[in-house]
Structures are given as structure tokens and as C-alpha cells.
Amino acid sequence: MSFDYDLFVIGGGSGGVRAARIASAEGKARVGLAEEYRMGGTCVIRGCVPKKLMVYASEYPGMIADARAYGWKVEAGAFDWAQFRSQLEAELTRLENAYRGTLRNAGVETFDLRATVVDAHTVALADGRRFTAKHILIATGGRPFVPDLPGAELAVTSNEIFHLDALPKRALVVGGGYIASEFACILNGLGVEVSQYYRGAQILRGFDDEARGHVATAMQASGVTIHCGTDVLRLEKTATGIRAVATDGTEREFDLVMYATGRKPNSSGLGLEALGVELGRNGEIKVDDWSQTAVPSIYAVGDVTDRINLTPVAIREGHAFADTVFKGEPRKADHELVASAVFTQPELGTVGLSEEAAQAQEPIEVYVASFRAMQTLFAGRQDRVLMKLIVSQQSRKVLGCHIVGPGAGEMIQLVGIAVKMGATKEDFDRTVAVHPTMSEELVTMRNPVRRS
Ligand code: NDP
């Protein structure tokens, strides 16, 4: 049987674009790709990239204050949100075009339309066209989830936050995960008065407890008011803003309420269930280690499969799929020891097991260094850097590393290589320090603070 395409990809985000490019350029496949919104997906258009640019923008007031301590006669002045927003939009358009160029150069045919799956080998575009494909890849990502509460429509999510007409004076961020904590810091840095409500006992659940505590303390010290054990019961429009009635009995008014209470896989309405593609409780597409669904011609990668919801992971999954199916080089995406960073202020970089998870697995030693960094100490800041290694007592391998402080995201990428290679504490110790740096503390921790 002959098909219109060897591969049809639904979704032009990180995972879908990588798979399409490799299948076409290196696997010599005929590839079509449909995207209903903007090419580049969540990461490029309304996630990692614009978020990181907002992080940069929000860090300047602190830098200017530090500069004064170093002898510079400078004033921060006012932040021009409209200027930043239009420059941000220009950058996202540039990146979107770069993605389109990459696909074009790779020979992928793109369609700016929503696509659904009709049968195991057929996709339908929103304009009625139908194409057959030997393989179909679902790479539709996820979308923000807002719980069903009265007044939920008054809140924005990470989808809208980059498009605000003006910055609010008072903002409430709901949630305690990556996005909530990052945006609480960003808005705070931009001069907004920020409250963060989180239903649990401490933000950033799942990360190392000590590191979470360190981040939360530093966030509070820099001006974010974190209310743990607090959730919103309802939101009400008032003449002057939005009133949040909370579980702790308070009623506070804000100009902006942002919900960052998790994301859900974009799997509904694609026609998948009817075909026998299995979905999980959260709507995630169930796949095997090869990213193959229960229907052999249909694969899925990235957030829609809810494995590890990070761009570099989606890229690896898409690449492994294309290598396997179109290049005859069978390869599974590796989900072990994936390093990541939370771009709070201070940043949190992490790889491997938290102390709590490692402890549950085997006897460990914990090494901790907590200190004031030279640069900020000089500027009179109280910020402390945290570096932590979790070591197996038996194998001596470093099972986890957690860094809180400036540049933690950059540092953890490099520590990630050593940990992935199976480095032991003794390997760290015989590495000579680079002086004077913060990261030298990683190779100069002599005695464990505890064994358990
Ligand atoms: P997370 O899953 O990280 O956090 C969701 C937060 O919302 C948790 O604090 C959760 O509480 C809370 N929550 C969930 N449901 C409700 C509810 N019904 N009512 C009140 N609170 C609720 O999701 P995010 O949206 O922050 O981010 C999604 C994913 O995107 C991340 O998991 C990550 O994989 C990725 N991401 C990565 C980034 C990075 O690498 N720097 C940046 C941004 C996103 P509880 O803890 O109690 O469940």
C-alpha cells in the first residue's frame, strides 16, 4: 500500500519538530507536520524561552543595587513593560521563523492547521483535507490546568502572562511547582507585590527538602509572600481588582491572579480513543520504551505522554523515534538521571535523587556546603548558596546533587555529566578546585553532615 507520507507529525513543538527533521533529512522519509498555533510549541512560544527572558529582565534591579555597592553611581529607573513585551514578541517571531526554516530545509511539508487522527494511517486537517501516512506521531504537548472553582475565569495562566497589557501592582500566584515559583520570583523582581498560595506544606514538592526550604526562605527574604497550606476557595471581581477568598479564612485583593497548578496532556479531541490508543488517568498517551502506542503505526513523544515533561527530554524522545523507525538505528530515549533547573531566584539545579528518596533506597552520606558567595557578600546581600551531594555508602557513587544559588542551572548541567558517568565522591574529591568560584565547593566537601 502506498501512503501520502511516510510520517505525519501532529504538533510543531520541541519533540515533533526534532522527529520530523531527523526522519526527513536523515531518514529520507516523506514527512508532513501540522501545527494549529505557532511553530515552536510551548517551550519557544509560551514557556521556557519567554520565561527565561523574563527572568533576565527581572534580575536587573538586584544587579543595579549590587552595582551601587561596587561603587557604580547608577539608578534602576522604571521598567518599561511595553518595550520589553514588543522586544520579546520580536524574538519569539524570529525563533518561530527559525523553526520553520529548519523544517523547510529538512524537506518537511508543514500545515498551519489543527489535525486529528481518522484511522491508524489517516489524518484529517481542519480544512477537510485528508492524508495517509505509514506512521503518525502525536507530539501535541500539554496545556495549563486550572481547577474548577468559582471565578476561575478571572485568572490567567502561563499562556496569557506574556501578553499582559500592563504589569499589575499586586499579584497572586497559585501553585507551588516550577511555573508558580518561577513566576512568583519574576513578578517580584519586576517590582510587583507578589503573594504565592500553595496548598501543601512547602513549595517545590518532589525536590530535595533542604533545597526546597533554602529556595523558599530566599524567596521570602527577597519579598515574595509565600502562604503554604493555603488554597483559593473562590475568586470574585471587585471594582478595584480580584478578591481571593482562601482556605485560611483571608480575603485579599489582587490586580492579577495567575494559576500554575500543573499541566494536562493535549490528547483529547484527536480521535485517539476510538482507534484503541490507550490514555492514562490524566489523559496521557500510553507508550512503550520506543514511544509506540497500542496502535503500532501511531507513536507519541513529549508532554502528551507525561513521562518527564521537559523540552530536552521531548527532543530526545523525538530523535530516538526517528532514528529507530526511519534510520534503522534502534534507540530508546534515556530517562535516567535527567538534570534540570528551576529558574527561581535563587535558581535550583538538581540531578539524581533527593536526600529523602536516596535514604529510602539505601544507606547514604550527605555532604552540604552553605555559604555566602563572594560577589553578593561584598554587595551586602544575605543570600546563601547551598551545595549538596548525596553519596551511596556502599558504592560511593554520587546519587544526587542539588545546588541553590546564582548559576545553579549552568552548574548542574556539568555535574550531570559526572553523575551520569557514575562518578564517586572520591572522583569529585580528586578533582582540583577552580578558585575562586562557587562551584569549587562541590569538590572540597570533606566530611558528611550526616549518615543515614
Ligand atoms: P507542577 O506539577 O510542577 O506543579 C503544580 C503545582 O500546582 C503543585 O504545587 C501542585 O500541588 C499544585 N496543584 C495541582 N493541582 C492543584 C489544585 N487542584 N489546586 C491547587 N493546587 C494544585 O506543574 P507546573 O504547572 O508548575 O509545571 C508543569 C511542568 O512543566 C513541570 O512539572 C515541569 O515538568 C515543566 N516545567 C519545567 C520548567 C523548568 O525546567 N525550569 C519550568 C516550567 C515548567 P501539589 O504539590 O500539592 O500537587
Side-chain angles (χ1 to χ4, degrees), residues 13-15 41-56 141-152 155-162 172-186 196-207 209 211-212 215-216 219 226-235 244-248 257-266 281-284 302-315 317 335 338-351 354 403-404 408-410 412-413 416:
S14 304
T42 297
C43 171
V44 175
I45 302 299
R46 45 194 182 188
C48 324
V49 171
K51 180 275 305 287
K52 190 82 189 278
L53 290 167
M54 275 181 91
V55 169
Y56 289 135
R143 63 178 184 286
F145 157 76
V146 179
D148 190 14
L149 76 157
V156 300
T157 68
S158 57
N159 278 356
E160 293 82 36
I161 196 80
F162 305 108
L172 169 64
V173 179
V174 185
Y178 280 82
I179 299 179
S181 304
E182 290 179 342
F183 274 94
C185 293
I186 289 170
Q196 182 177 359
Y197 287 3
Y198 171 52
R199 64 182 178 181
Q202 180 60 284
I203 60 166
L204 297 172
R205 184 169 65 81
F207 290 92
D209 274 354
R212 299 160 72 193
V215 172
M219 281 173 63
I226 303 175
H227 300 261
C228 285
T230 305
D231 209 353
V232 176
L233 287 170
R234 61 178 188 277
L235 296 174
V245 180
T247 50
D248 62 356
V257 177
M258 175 182 177
Y259 260 78
T261 42
R263 295 174 60 84
K264 292 261 186 262
N266 266 333
R281 256 184 35 186
N282 217 18
E284 73 276 15
D303 287 8
V304 77
T305 62
D306 200 15
R307 286 177 277 183
I308 300 177
N309 298 332
L310 298 171
T311 276
V313 175
I315 290 172
E317 289 168 358
H335 293 95
V338 174
S340 73
V342 187
F343 292 98
T344 39
Q345 295 167 35
E347 285 176 19
L348 164 61
T350 182
V351 63
S354 64
I403 304 175
V404 181
E410 301 291 343
I412 207 67
Q413 176 71 83

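Numbers here simply count residues along the sequence, with the first being 1. Numbering of ligands and ligand atoms starts at 1, following listing order.
- Those atoms of ligand 1 with a heavy atom of Pro147 less than 4.0 angstrom away are 17 (C), 18 (N), 19 (N).
- At distances below 3.5 Å, not a single donor-acceptor pair connects side-chain atoms of Glu182 with backbone N or O atoms of Ile179.
- Not one N or O of Ser340 is nearer than 3.5 Å to an N or O of ligand 1, by distance alone.
- At a 4.0 Å cut-off, at least one heavy atom of Ala260 sits close enough to ligand 1 to count as contact.
- Contacts of Leu310 with ligand 1, taken as heavy-atom pairs under 4.0 Å, involve the side chain alone.
- Under the 3.5 Å distance criterion, the side-chain polar atoms of Thr230 are matched with a main-chain donor or acceptor of Cys228.
- In terms of protein heavy-atom proximity, atom 31 (C) of ligand 1 is closest to Tyr178 CD1, 3.5 Å.
- Between Thr350, Ile308, Thr311, Ile179, it is Ile179 that holds the heavy atom closest to atom 43 (C) of ligand 1.
- Contacts of Val174 with ligand 1, taken as heavy-atom pairs under 4.0 Å, are absent altogether.
- With sequence neighbours left out, the ring pair (Phe, Tyr, Trp, His ring centres under 6.0 Å) criterion links Tyr197 to His227.
- The main-chain N or O of Phe145 is found under 3.5 Å from a side-chain atom of Thr261 such that the two form a donor-acceptor pair.
- Closest to atom 22 (C) of ligand 1 by heavy atom, among Asp303, Thr247, Thr261, is Thr261.
- Scanning the protein heavy atoms around atom 42 (C) of ligand 1, the nearest turns out to be Glu182 OE1, 3.3 Å.
- When atom types are taken as modelled, the side chain of Arg143 and the backbone of Arg263 share no donor-acceptor pair closer than 3.5 angstrom.
- Below 4.0 Å from some heavy atom of Lys51 lie the following atoms of ligand 1, by number and element: 41 (N), 42 (C).
- With hydrogens left out, the protein atom closest to atom 29 (C) of ligand 1 is Arg263 CD, 4.3 Å, a heavy atom.
- The option with the heavy atom closest to atom 35 (C) of ligand 1, from among Asn309, Asp148, Leu348, is Asn309.
- Using a 4.5 Å heavy-atom cutoff, the side chains of Tyr178 and Leu310 are in contact.
- With respect to atom 4 (O) of ligand 1, the closest heavy atom belonging to the protein is Gly177 CA, 3.4 Å.
- The residue from Gly176, Ala180, Cys43 that puts a heavy atom closest to atom 9 (O) of ligand 1 is Gly176.
- Scanning all heavy atoms of the two residues, the minimum distance from Ala180 to Ala260 falls at N-CB, 3.5 Å.
- Not a single donor-acceptor pair under 3.5 Å links the side chain of Ser14 to the backbone N or O of Ile315.
- With a heavy-atom cut-off of 4.0 Å, Ala341 touches ligand 1 through its backbone alone.
- The Asp231 neighbourhood of ligand 1 comprises atoms 19 (N), 20 (C), with distances under 4.0 Å to a heavy atom of that residue.
- In terms of polar-atom proximity, Gly262 is counted as a contact of ligand 1, with an N or O under 3.5 Å from an N or O of the ligand.
- Not counting sequence neighbours, Lys264 has no partner by the salt bridge (Lys or Arg N to Asp or Glu O under 4.0 Å) test.
- Side chain of Arg205 to main chain of Gly200: no donor-acceptor pair is present (N/O by atom type, distance under 3.5 Å, no hydrogens or angles).
- Counting heavy atoms only, Arg199 comes closest to atom 16 (C) of ligand 1 of the residues Arg199, Lys52, Arg205.
- Using a 4.5 Å heavy-atom threshold, the side chains of Val232 and Leu172 count as touching.
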